[in-house]
Novice: 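My questions will all concern the structure given below.
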Amino acid sequence: MGPTILFHLGADEQGLATFCDRYADSFDRWWGDLGELQLDRETVERLVEGMGPIAADSTYPELVA
């Protein structure tokens, strides 16, 4: 599993968007050293969209298993 799936699972059944809402401030501080990258709404939407069929076709318990 890559970090995006782990983040998705880290928010329980609420998923990646909730994880990002919960930890956006921390990520923004960490990424501040990298330049202009911020965990804004557009970035969160792209991350969630990028999970595609993995998240859409599986329930939380299935992914955990």
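Keep in mind that the numbers below use all heavy atoms, side chains included, and drop hydrogens, waters and symmetry copies.
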Novice: Mind checking the CZ-OG1 spacing from Phe27 to Thr43? Nearest 0.5 Å is all I need.
Specialist: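 Reported value, rounded in 0.5 Å steps: 12.0 Å.
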Novice: For residues 16-25, which residue pairs pass the side chain to side chain donor-acceptor pair (under 3.5 Å) check, not counting sequence neighbours?
Specialist: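 Those involving residues 16-25 are Asp21-Arg41.
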Novice: Which heavy-atom pair separates Ala17 from Val44 by the least distance, and what is that distance?
Specialist: CA-CG1, 4.0 Å
Novice: For a quick test of reading the model, state the closest non-hydrogen atom pair linking Leu39 to Asp28 and the distance between them.
Specialist: N-OD1, 2.6 Å
Novice: Donor-acceptor pairs under 3.5 angstrom involving side-chain atoms of residues 2-13: please list them, not counting sequence neighbours.
Specialist:
| unit_1 | atom_1 | unit_2 | atom_2 | d |
| --- | --- | --- | --- | --- |
| His8 | ND1 | Leu16 | N | 3.0 |

Novice: Can you run down the side chain to side chain donor-acceptor pair (under 3.5 Å) pairs that involve residues 45-57, sequence neighbours left out, and say none if there aren't any?
Specialist: none
